[in-house]
Amino acid sequence: MLIFGLRTVTHRLGVLTLLCRNCGNTAAQVLSRRVTKFSLFFVPLFPVRTKYGVQCTFCGASCDISKDEADRLAVR
C-alpha cells in the first residue's frame, strides 16, 4: 500500500506598505510564497508548484503575482 498526496506550505517573505489593488487604501501587504510538494509516506519529496501572492491587511483581499514581481518587492 502506498500513501501519497500533496501538501502546501506558506512562507512569509515580508510585510510591505503598498497600495491595495482591491480597496485602494495604502496598507500593509503580506508577501508570501506557497509551495506545493508531492509527498510519499508523509515525507515531502519534490515541489510541484510554487505561487507568490500579496494579501492586504486592511480588507483581507489577496492576489497572485509573478515571481519577478515578488523578487522585486522582496528587495524593498
Inter-residue atom distance Lys37.NZ - Leu6.CG, 0.5 Å rounding:
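CG of Leu6 is found 12.5 Å from NZ of Lys37.
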
Run the side-chain donor-acceptor check on residues 66-75: report pairs under 3.5 Å with partners two or more places apart or on a different chain.
from	atom 1	to	atom 2	distance (Å)
Ser66	OG	Glu69	N	3.2
Lys67	NZ	Asp71	OD2	3.1
Glu69	OE2	Arg21	NH2	2.8

Strictly by salt bridge (charged side-chain N to carboxylate O under 4.0 Å, His left out), give each pair with a member in residues 54-66 just once, sequence neighbours left out.
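Passing the test, one end in residues 54-66: Arg34-Asp64.
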
Enumerate, atom names and distances included, each donor-acceptor pair closer than 3.5 Å involving a side-chain atom of residues 46-62, sequence neighbours excluded.
from	atom 1	to	atom 2	distance (Å)
Gln55	NE2	Gly60	O	3.3
Thr57	OG1	Ala28	O	2.9

Answer with yes or no whether the hydrophobic clustering places Leu18 together with Ile65; edges join I, L, V, M, F, W, Y residues whose side-chain heavy atoms lie under 4.5 Å apart.
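Yes: a chain of side-chain contacts under 4.5 Å links Leu18 to Ile65.
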
If you count every heavy atom of other residues, nucleotides or ligands that lies below 6.0 Å from Phe42 atom CZ, does the total exceed 12?
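No.
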
